[in-house]
Every structure is written in C-alpha cells, then in structure tokens.
Amino acid sequence: MVTWKKNCKSCCVVSFRGDTKKTTRLNCNERFTWKYSPLRDPTLRIYPVHPGDEGDYTCETASSEGNFEFFASLTVIVPPTVTLTHDKSRVAVCQASAGKPAADISWIPASNHSSEEEFRHPDGTVTKVSYFGWANSSFPSVTCLVTHPAMNQTLVLDLT
C-alpha cells in the first residue's frame, strides 16, 4: 500500500492498494495521480499544479519489507507576465504581474528617477511595478530587466 497526503486537515489523500490494484482519492481530484504505475514507482504527479498545492507532503508505504515514510516539500513558482509601457508625462512603466515569488525589476541606464510599488494578491502572487522618468534625459531608449526564478526577460522602450 502507498499513500500520499498533504500535511493539513481535510487535504488531499491519494492511496493505492497493490492487492486490489485500486487507487482512492479523498478530498482531491484527477490532477493528483501517479507519475507511472504505483506498483513500480509510487511517485505522485500533480498536473497542472496550482499555487494552492504548495505545502508539505508525506508518502507512507507498507509492504512485506516494512513500513516507510518519505517527506517532500512542494514550492510552486509562477512566472510573472511582463509589460513595458509609457505615459504622457514621459514615465516608463515596467510591470511584472502575478509572479511567485516577486520578480526583481531594474533599469538600463540606472537612474535615481525610478520608483517601485508592490501589490500582494490573495493567491500568494505578487505584482511589481517600476517607474522610470526620462523627461530630462537624452537617452534614445530605456531597458527594463525583469529577473525571476522561472525566467529572465528584457524589454526595450524607444524614447524618441
């Protein structure tokens, strides 16, 4: 027998009995299944993964060789959606929306005229917005660099 469970009350439990070859799911749906056959490899597969799936999981196995426990921690990384725009007052706006963890935003050329805001969403994602004023600059373009564990992205805005 193999059982995977998320370590919280009323969370998903997926189990397999080798003698009946039956999988049982409690408080979870078809996104939680086996990577291969649980007879050969009891690896849990969560697809597609959601931010709410993040947490600590325990795998318990019972066989003629004994009982075993394995602990795993799942961290969900969500790449942000990146945009670069400008407004009429000659301010470039670089936005990294709904990333997890929060993205880092930097500018080329570096400037003392940039500022940043951060918005935390209920689903655990974060939107960062960085503003770059170029009203008194002679630069032909500005580059926004977004760095995140899931991606790196560079956007260029023509200032002419």
Side-chain angles (χ1 to χ4, degrees), residues 1-87 92-108 110 114-132 142-157:
M1 180 162 193
V2 177
T3 302
W4 275 98
K5 58 186 171 184
K6 188 173 178 185
N7 298 344
C8 64
K9 289 184 178 180
S10 71
C11 281
C12 176
V13 176
V14 179
S15 62
F16 176 80
R17 285 190 56 153
D19 58 347
T20 62
K21 297 184 178 33
K22 184 175 179 183
T23 294
T24 304
R25 288 179 182 79
L26 178 64
N27 298 325
C28 52
N29 57 36
E30 298 296 319
R31 294 184 311 107
F32 293 80
T33 188
W34 307 106
K35 184 175 179 182
Y36 302 110
S37 163
L39 282 172
R40 289 182 279 134
D41 180 357
T43 301
L44 180 66
R45 179 178 188 237
I46 306 171
Y47 183 82
V49 70
H50 297 157
D53 299 331
E54 188 169 88
D56 296 321
Y57 291 78
T58 302
C59 177
E60 299 169 345
T61 61
S63 70
S64 58
E65 298 165 4
N67 298 339
F68 303 94
E69 276 190 330
F70 171 77
F71 300 96
S73 183
L74 174 63
T75 301
V76 177
I77 296 175
V78 179
T81 301
V82 179
T83 58
L84 177 58
T85 59
H86 65 85
D87 63 17
V93 181
C94 185
Q95 183 166 313
S97 302
K100 185 174 180 300
D104 290 318
I105 299 175
S106 56
W107 295 94
I108 297 174
S114 65
S115 62
E116 193 169 88
E117 292 180 293
E118 185 174 286
F119 304 95
R120 297 196 169 270
H121 306 289
D123 65 358
T125 62
V126 179
T127 294
K128 277 229 184 142
V129 184
S130 183
Y131 305 93
F132 181 98
V142 65
T143 302
C144 167
L145 302 169
V146 177
T147 306
H148 187 269
M151 49 76 78
N152 292 320
Q153 192 166 348
T154 303
L155 299 174
V156 178
L157 180 65

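We use all heavy atoms of the structure for the numbers below, so side chains are in, but hydrogens, waters and symmetry mates are not. For the single chain, residues carry numbers from 1 onward in sequence order.
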Looking only at non-hydrogen atoms, find the nearest pair between [X] and [Y] and report the distance.
X	Y	answer
Ala92	Leu84	CB-CD1, 4.4 Å
Val76	Pro51	CG1-CA, 4.0 Å
Pro101	Pro149	CG-CG, 3.9 Å
Trp34	Pro42	CZ3-O, 3.5 Å
Lys6	Gly52	NZ-O, 2.6 Å
Leu74	Asp53	CD2-O, 3.4 Å

Scan residues 92-106 for pairs that pass side-chain hydrogen bond (donor to acceptor under 3.5 Å, both in side chains), counting only residues two or more places apart or in two chains.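 Passing the test, one end in residues 92-106: Glu54-Lys100, Gln95-Ser97.
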Pairs flagged by ring pair (Phe, Tyr, Trp, His ring centres under 6.0 Å) wherever residues 57-86 is involved - sequence neighbours left out: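 Every pair satisfying ring pair (Phe, Tyr, Trp, His ring centres under 6.0 Å) with a residue in residues 57-86: His86-Trp134.
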What pairs with [X] under side-chain contact (heavy atoms from CB on, under 4.5 Å), at least two apart in sequence or on another chain?
X	value
Asn29	Arg31, Phe32
Arg25	Val14, Thr23, Cys28, Glu30, Thr33
Asp87	Ser89, Val91

For Cys59, all residues meeting disulfide bond (SG atoms under 2.5 Å apart), sequence neighbours excluded: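 Per chain and number, Cys59 pairs via disulfide bond (SG atoms under 2.5 Å apart) with no residue.
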Going by atom type alone, with no hydrogens or angles, which donor-acceptor pairs under 3.5 Å involve a side-chain atom of residues 123-130 and a protein atom two or more places apart or on another chain?
residue	atom	partner	partner atom	Å
Asp123	OD1	Thr125	N	3.0
Asp123	OD1	Thr125	OG1	2.6
Thr127	OG1	Ala98	N	3.1
Thr127	OG1	His121	NE2	2.7
Lys128	NZ	Ala103	O	3.2
Ser130	OG	Trp107	NE1	2.7
Ser130	OG	Ser115	O	3.4

Can you name the residues that form a side chain to side chain donor-acceptor pair (under 3.5 Å) with [X], not counting sequence neighbours?
X	result
Thr43	Asp41
Glu69	none
Arg40	none
Ser114	none

Kindly compute the distance separating [atom1] ([X]) from [atom2] ([Y]), expressed to the nearest 0.5 Å.
X	Y	atom1	atom2	value
Leu26	Ser15	CG	OG	8.5 Å
Lys5	Cys11	NZ	SG	11.5 Å
Leu157	Phe132	CG	CZ	10.0 Å
Thr147	Leu145	OG1	CG	6.5 Å

Start with the C-alpha gap between Val13 and Thr3, add the side-chain angles, then the distance that decides, and say whether side chain to side chain contact (heavy atoms under 4.5 Å, CB included) holds. CA-CA 7 Å; Val13 176; Thr3 302; 3.7 Å; yes
Between the main-chain N or O of Val78 and the side-chain N or O of His148, is there a donor-acceptor pair closer than 3.5 Å?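 Between the backbone of Val78 and the side chain of His148 there is a qualifying donor-acceptor contact (under 3.5 Å).
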Checking Arg45 now: which residues fulfil salt bridge (Lys or Arg N to Asp or Glu O under 4.0 Å) with it, not counting sequence neighbours?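 Testing Arg45 for salt bridge (Lys or Arg N to Asp or Glu O under 4.0 Å), a comparison that skips the adjacent residues, returns none.
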Stepwise, does the side chain to side chain contact (heavy atoms under 4.5 Å, CB included) test hold for Val146 with Cys144? CA-CA 6 Å; Val146 177; Cys144 167; 3.8 Å; yes
Side chains of [X] and [Y], heavy atoms from C-beta outward: is any pair under 4.5 Å?
X	Y	answer
Pro80	Gln153	no
Met1	Asp19	no
Val82	Leu155	yes

Are Glu116 and Ile105 close enough, and set up right, to give a side chain to side chain contact (heavy atoms under 4.5 Å, CB included), and what steps lead you there? CA-CA 9 Å; Glu116 193 169 88; Ile105 299 175; 3.9 Å; yes
Start with the C-alpha gap between Thr143 and Thr154, add the side-chain angles, then the distance that decides, and say whether side chain to side chain contact (heavy atoms under 4.5 Å, CB included) holds. CA-CA 7 Å; Thr143 302; Thr154 303; 3.2 Å; yes
